[in-house]
Amino acid sequence: MRQSSLVVVANRLPLDDNAAPDGACEWRRSPGGLASALHAILEQTPATWVGWGGGVGPAPALPDIGTLRLRPMSLTEDELRGYYEGFANSTLWPLYHDAVEQPVFDRGWWEAYRKVNRRFAEAAAEVAEPGAAVWVQDYHLQLVPQLLRELRPDLLIGFFMHVPFPPPELFMQLPRRGELIRGMLGADLVGFQREQAAHNFAQLAGKLLGAEGADDAIHFDGRIVHTGAFPVSIDVAEMESLSARPYVRNQARQLRRDLGAHKKVLLSVDRLDYTKGIEHRLTAYSELLRDGRVKLRDMVMVQVAVPSRERVGNYRGLRERIEGEVGRINGEYGRVGEPAIHYLNQPFDRADLAALYQTADVMVVTPLRDGMNLVAKEYVAARGDDTGALVLSEFAGAAAELSDAFLVNPHDVDGLKETLLRALDADPADLARRMAAMRAHITDHDIHAWARAYLTALDHTGGLARHLPRQRRSLARR
Ligand code: ADP
Ligand code: F6P
């Protein structure tokens, strides 16, 4: 068994198996913030990534990606239902996102969640060198830090929560609340997107397990568990260099022609998820058309909604509602060959996403709650000429950093409509000032800075961060 000094454990591998047109298995980068973020820092790092490759049944052997080894995990059909679709995505996901959909508490799912967490911990224990650092990711694997500590007390264990971590009033609804907090406390460092989440965690550790301490250091079981906020980011240099490619520029010009050369383009790009506020923005856009405040001859919207968690009931229902609404909007306001909204329920490769970002006059990002939202940062990185406007929900973690966006409360549809109009009519000099400020921020706070900050807080020496590839220089710095 090959072992590594750095091991990442995440529910998903950065690749998804995907049936090619001829039925063969084809591997593709998985959509989603976690895969986007970690792929960027790990593809040139000597590390092992433990995760699920999608699908059920025995895990296929996978080749390394550069210096990154992949350790695929298998899931049975029952585990997929109980662990991934059930406890992770029907209980924890809605609860952690302000319960915008009702969390389901099904007693049968806990056993699958515990069992799969144990298997992931065992796999990590196998591939970690003596004294290695193991970095566990996200809400799917909250029990892994403690289980791994029991198996391998020699390891340095980090945990990072990519999604929001709720206040006690919500978290206390969970039937297995104490075990989940105990699981996370097995780590040496528990990282969150926001300070508030670290505060919520410290309060819960005190309330449920009698742990003492402050928001940044919790005393538990004779150990100190450090906590803190580490807002995740994107590979700014990668998005900038993609956006500068001739293929992407041509593609963007072609898209513009296809969409209507003198129309303003509104763009949204999301996983098809009920936390993303897709329905709220469709309502706002449709009402602007209805009221004649925007006209079909001047405006077009593109909604990319990549399929996600398609077997979970709430997601199927959402897709039906969105597709119904898109059909209604086009039926009422479109003309032959001139739809009001283009809806694309497909994955895109990075270059095509960069072209879409370059085509958009206004990027509309309206989650009802989001740990970070990397799409908002990708849009800013793709706007090398400092044009374009970002309309961003106050409830995305990114809003704390991108304060020069047009911030909006997506629940307030009238406010959302006004904000869209303000962004559409903004003075180009104001847009350029805002975009330059946001680009400067993400350039300084890119994915490499995030990984360095986290790993340095984990080992206190900077030794781990030395594994990471040298930061590529952003174009803004050249
Ligand atoms: P989440 O983690 O909830 O999915 P984020 O906005 O943080 O939300 O991250 C989404 C990631 O998935 C981004 O890196 C984005 O580029 C990628 N993505 C979104 N839509 C697509 C798509 N249609 N095809 C490929 N990647 C996508
Ligand atoms: O951070 C949120 C998250 O659950 C990530 O763990 C994941 O990358 C993304 O959303 C996509 O979700 P899924 O892996 O369920 O398709």
Side-chain angles (χ1 to χ4, degrees), residues 8-16 18 28-40 49 51-55 75 80 83-90 92-94 96-97 136-142 160-165 192-193 231-236 238-239 242-243 267-278 302-312 314-315 343-357 363-382 390 392-393 395-399 402 447 450:
V8 165
V9 191
N11 169 60
R12 236 182 231 290
L13 289 172
L15 302 173
D16 256 349
N18 176 47
R28 185 180 64 197
R29 176 157 153 184
S30 356
L34 188 154
S36 296
L38 290 173
H39 188 263
W49 183 321
W52 170 58
L75 290 182
L80 183 66
Y83 150 76
Y84 172 74
E85 295 173 348
F87 198 76
N89 284 315
S90 299
L92 297 179
W93 179 267
Y96 287 7
H97 289 84
V136 183
Q137 313 287 325
D138 232 355
Y139 61 101
H140 315 85
L141 301 175
Q142 278 177 236
F160 186 78
M161 184 69 95
H162 290 255
V163 301
F165 192 73
F192 298 95
Q193 304 278 19
V232 74
S233 194
I234 61 159
D235 189 345
V236 174
E238 181 217 29
M239 185 49 79
L242 266 179
S243 307
L267 172 69
S268 292
V269 176
D270 313 87
R271 272 185 311 103
L272 208 162
D273 194 296
Y274 52 79
T275 59
K276 301 291 183 185
I278 301 173
V302 179
Q303 171 69 63
V304 176
V306 64
S308 184
R309 307 174 191 164
E310 292 178 277
R311 301 197 321 181
V312 177
N314 282 338
Y315 289 76
Y343 167 74
L344 300 155
N345 182 235
Q346 333 160 2
F348 282 85
D349 70 26
R350 307 296 296 163
D352 291 333
L353 275 178
L356 274 167
Y357 291 141
M363 183 81 205
V364 192
V365 182
T366 55
L368 308 178
R369 178 60 72 193
D370 209 332
M372 175 52 62
N373 197 288
L374 296 184
V375 163
K377 292 185 173 180
E378 288 170 1
Y379 177 67
V380 171
L390 173 64
L392 177 61
S393 165
F395 303 113
L402 303 180
I447 190 64
W450 172 74

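Indexing begins at 1, ligand by ligand and atom by atom, following the structure's order. Sequential numbering from 1 along the given sequence is applied to the chain's residues. Just so it is clear, the values below take in all heavy atoms, side chains as well, and ignore hydrogens, waters and symmetry mates.
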Is there a donor-acceptor pair closer than 3.5 Å between any side-chain N or O of [X] and the backbone N or O of [Y]?
X: Lys377; Y: Val232; result: yes
X: Ser268; Y: Val364; result: yes
X: Thr275; Y: Leu368; result: no
X: Gln193; Y: Pro164; result: no

Trp93: partners by side chain to side chain donor-acceptor pair (under 3.5 Å), with sequence neighbours left out: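 So Trp93 forms a side chain to side chain donor-acceptor pair (under 3.5 Å) with Asp273, Tyr315.
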
Step-by-step side chain to side chain contact (heavy atoms under 4.5 Å, CB included) determination, Val380 to Met239: CA-CA 9 Å; Val380 171; Met239 185 49 79; over 6 Å; no

Close aromatic pair by centroid cut-off 6.0 Å: Trp52 and Tyr83: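 Centroid distance Trp52-Tyr83: not below 6.0 Å, so no.
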
Location of contacts on Leu353 toward ligand 1, heavy atoms closer than 4.0 Å: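 The answer is the side chain.
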
Side chain, backbone, both or neither: the part of Val269 lying under 4.0 Å from ligand 1 by heavy atom: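 It is the side chain that gets close, since no backbone atom is under 4.0 Å.
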
For atom 1 (O) of ligand 2, the option (of Leu34, Val312, Asp273, Asp138) bearing the nearest heavy atom: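 Selected option, by shortest heavy-atom distance: Asp138.
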
Nearest candidate to atom 4 (O) of ligand 2, where distance is taken over non-hydrogen atoms, out of Trp52, Tyr139, Tyr96: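 Answer by nearest heavy atom: Tyr139.
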
For [X], counting its heavy atoms only, list the atoms of ligand 1 lying under 4.0 Å from any of them.
X: Arg350; answer: 14 (O), 16 (O)
X: Val304; answer: 23 (N)
X: Val375; answer: 6 (O), 15 (C)
X: Lys276; answer: 1 (P), 3 (O), 8 (O)
X: Asn373; answer: 6 (O), 7 (O)
X: Arg271; answer: 1 (P), 3 (O), 4 (O)

Derivation of the side chain to side chain contact (heavy atoms under 4.5 Å, CB included) call for Val8 and Gln137: CA-CA 8 Å; Val8 165; Gln137 313 287 325; 4.1 Å; yes

I need the atoms of ligand 2 closer than 4.0 Å to a non-hydrogen atom of [X], numbered in the order shown.
X: His140; answer: 4 (O), 6 (O)
X: His162; answer: 1 (O)
X: Val163; answer: 1 (O), 2 (C)
X: Arg12; answer: 13 (P), 14 (O), 16 (O)

Side chain to side chain contact (heavy atoms under 4.5 Å, CB included) between Glu378 and Arg350, intermediate numbers included: CA-CA 10 Å; Glu378 288 170 1; Arg350 307 296 296 163; 3.0 Å; yes

Min N/O separation Leu34 to ligand 1 under 3.5 Å: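 No; every N/O pair is 3.5 Å or more apart.
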
Backbone or side-chain N or O of Trp93 under 3.5 Å from ligand 2 N or O: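 Such a contact does not occur with ligand 2.
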
Any N/O pair Tyr84/ligand 2 closer than 3.5 Å: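 Tyr84 vs ligand 2: N/O contact under 3.5 Å present.
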
Parallel, tilted or perpendicular: rings of Phe165 and Tyr96 (30°, 60°):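 Geometry flag for Phe165 against Tyr96: perpendicular rings.
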
Any Met372 heavy atom less than 4.0 Å to ligand 1: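 The answer is no, since Met372 has no heavy atom less than 4.0 Å from ligand 1.
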
His162 touching ligand 1 at heavy-atom level, < 4.0 angstrom: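 So His162 does not count as touching ligand 1.
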
Listed partners of Asp270 passing salt bridge (charged side-chain N to carboxylate O under 4.0 Å, His left out), at least two apart: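 Per chain and number, Asp270 pairs via salt bridge (charged side-chain N to carboxylate O under 4.0 Å, His left out) with Arg281.
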
Intermediate values then yes/no, side chain to side chain contact (heavy atoms under 4.5 Å, CB included), Arg309 and Arg271: CA-CA 9 Å; Arg309 307 174 191 164; Arg271 272 185 311 103; 3.5 Å; yes

